[in-house]
Amino acid sequence: MAGFGAELETCGGDGDRISRLCLRDRMIMGASTSSVWYNLRVAHPTKDVPIIDHDLALLFQPMLMLGITVGVALSVVFPYWLITVLIIILFIGTSSRSFFKGIEMWKEETILKKEFAKQCETVVNSRGELLIDVEYDPLIPKEQKTALELMCFNLRWKRTSILLVVWISFLILQVVKNDVAVCSNWYWLIFSLQFPIAIGVFGYEARKLYKEHKKRMETGNLEHICEASIGWTGTHLAFCALCGIVGGTVGGLLGSGGGFVLGPLLLEIGVVPQVASATATFVMMFSSSLSVVEFYLLNRFPIPYALYLTSVSVLAGFWGQFFVRKMITILRRASLIVFILSGVIFASAITMGIVGITKSITMIQNHEFMGFLDFCSSG
């Protein structure tokens, strides 16, 4: 542990802040990876479809990763105090919205549980005969999938391959960009190549959702294309693109992986909590790992300490998913996921705010520079 502290101290100043963001991304990457591994072996709560919505993942991931690269670049420039303010504002805002969303879902679940209880009660018919509601096993039992079958079912290899291609493309660009002089013509050319990749994949998925939505509306089919209850019009798709870029930029800037924006957003557009959680962590696995690579290329990466935190977060992510799923099964309230998400975001706002304010006060007392840094010289 003494070595870990020494490595952190060697960064110092602004480098120390970048290292903390990087370590935070490592923890998010570890937790999201273990959560994805767990979710791949979990069935959808209501339908015979994958619990990870690959349409939504393919829609948000390219723009989220584009935003991540922009956010990481801004993290080098933005002063520490401003990042602290943004953390507090963003996290309190999203946690509050998620909390009220959870209250709405809790009320709806209470109504449904009461109606279900009434249906299960014994009743008396018009002739005074006692009717007992007896539940019979079906003649043909429902086929239960094994863990391996569920894993193969939950992974859509074609869409997952596209997500991997996007991730690898962004990774190659970051590696090549790292060997080029910052702010040179080649640097900006390589940086700009990320835009056609992200916009191209997003446009492919957006066009698919738009055409399917239009076809369903013409035939009078009101069934949702994917888990979101939103209608996939041009305006809604543009809004999702904007949210993806903003969420990624915030994730790269604050070291949050974009999950604190994507999770509440998926709930807001009507995605089932279990699916929203599984899809958000699936996307975060890609975005946070890219963010970690970018911070590593900035030479602000205390590897032993990062590996230690990653191991802890992997265990926490796996067992957290396990216990939460058990609680949902027992209590039959999916809104617990929303309340937990809200609580985690709010706790992060408080802890990160306290640390950030303390650090900012120390910097003021030491008369350290508190303004924006020059990107070309900082890079």
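- The main-chain N or O of E205 is never found under 3.5 Å from a side-chain atom of D55 such that the two would form a donor-acceptor pair.
- By the 4.5 Å heavy-atom criterion applied to side chains, L64 and V283 are counted as neighbours.
- In this structure, Q61 CD and H54 NE2 are separated by 11.0 Å, a value rounded to the nearest 0.5 Å.
- In this structure the side chain of V324 never reaches within 4.5 angstrom of the side chain of L336, judged on heavy atoms.
- Environment of CZ in F369: crowded, with over 12 heavy atoms of neighbouring residues, nucleotides or ligands closer than 6.0 Å.
- The distance from the CG atom of N154 to the CZ atom of R41 is 11.0 Å, given to the nearest 0.5 Å.
- When all heavy atoms of Y187 and V182 are compared, the pair lying nearest together is CD1-CA, 3.9 Å.
- I345 and I89 fall within a single hydrophobic cluster, where Ile, Leu, Val, Met, Phe, Trp and Tyr are joined by side-chain heavy atoms under 4.5 Å apart, directly or via other members.
- Not one N or O on the side chain of Q274 forms a donor-acceptor pair closer than 3.5 Å with the backbone of A334.
- Here the closest non-hydrogen pair linking L56 and V271 is CD1-CG2, 3.8 Å.
- You'll find the side chain of P62 stays beyond 4.5 Å of the side chain of I197, heavy atoms only.
- The hydrophobic cluster containing F195 also contains I190, counting ILVMFWY residues as joined when their side-chain heavy atoms lie under 4.5 angstrom apart, directly or transitively.
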Notebook entry, point to check: Could you walk me through whether I83 and I87 pass the side-chain contact (heavy atoms from CB on, under 4.5 Å) check?
Noted result: CA-CA 6 Å; I83 292 181; I87 285 176; 4.0 Å; yes
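- Here the OG1 atom belonging to T233 is positioned 6.5 Å from the NE2 atom belonging to H213, to the nearest 0.5 angstrom.
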Item checked: Intermediate values then yes/no, side-chain contact (heavy atoms from CB on, under 4.5 Å), M285 and T281 -> CA-CA 6 Å; M285 181 178 65; T281 52; over 6 Å; no
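- Annotation: side chain of N39 is not in contact with side chain of F282 (no heavy-atom distance under 4.5 Å).
- Below 30°, between 30° and 60°, or above 60°: for F191 and W188 the angle between ring planes is above 60°, a perpendicular geometry.
- Side-chain atoms of R333 do not come within 3.5 Å of backbone N or O of I330 as any donor-acceptor pair.
- Between L82 and F372, the closest side-chain pair of non-hydrogen atoms falls below 4.5 Å.
- No donor-acceptor pair under 3.5 Å is formed between the side chain of W106 and the backbone N or O of S335.
- Contact detail for P79 and G371: the closest heavy-atom pair is CB-O, 3.5 Å.
- Linking Ile, Leu, Val, Met, Phe, Trp and Tyr residues whenever their side-chain heavy atoms come within less than 4.5 Å leaves I92 and L90 in two separate clusters.
- By the rule that hydrophobic residues join a cluster once side-chain heavy atoms approach within less than 4.5 Å of another member, F60 and V70 end up as members of one cluster.
- The NZ atom of K101 lies 15.0 Å from the OG atom of S96; values are rounded to the nearest 0.5 Å.
- A distance of 13.5 Å separates CZ in R156 from CG in L163, rounded to the nearest 0.5 Å.
- No continuous path of ILVMFWY side-chain contacts below 4.5 Å connects V49 to L59, so the two sit in separate hydrophobic clusters.
- Taking a 6.0 Å sphere around CG of N185, one finds it holds 12 or fewer heavy atoms contributed by other residues, nucleotides or ligands.
- Side-chain atoms of K215 and E212, non-hydrogen and from C-beta on, never get closer than 4.5 Å to each other.
- Separation of atoms OH (Y80) and CE (M363) is listed at 8.5 Å; rounding is to 0.5 Å.
- For T279 (side chain) and I52 (main-chain N/O), no donor-acceptor pair under 3.5 Å exists by modelled atom type.
- Two residues are said to be in side-chain contact when any heavy atoms from C-beta on lie closer than 4.5 Å; L341 and S277 fail this criterion.
- The hydrophobic cluster containing I354, built from Ile/Leu/Val/Met/Phe/Trp/Tyr side-chain heavy atoms closer than 4.5 Å, also comprises F346, I350.
- Dense packing is recorded around CZ of F153, with more than 12 heavy atoms of other residues, nucleotides or ligands lying under 6.0 Å away.
- Shown here for A181 and S184, the closest heavy-atom pair between the two residues is O-OG, 2.7 Å.
- The two residues G356 and T84 come nearest to each other via the heavy atoms CA-OG1, 3.4 Å.
- In this structure, W81 contributes its side chain and S360 its backbone to no donor-acceptor pair below 3.5 Å.
- For the pair L66/F202, no side-chain contact is recorded, criterion being any heavy-atom separation below 4.5 Å from C-beta on.
- Heavy-atom minimum distance, W167 versus F286: NE1-O, 3.1 Å.
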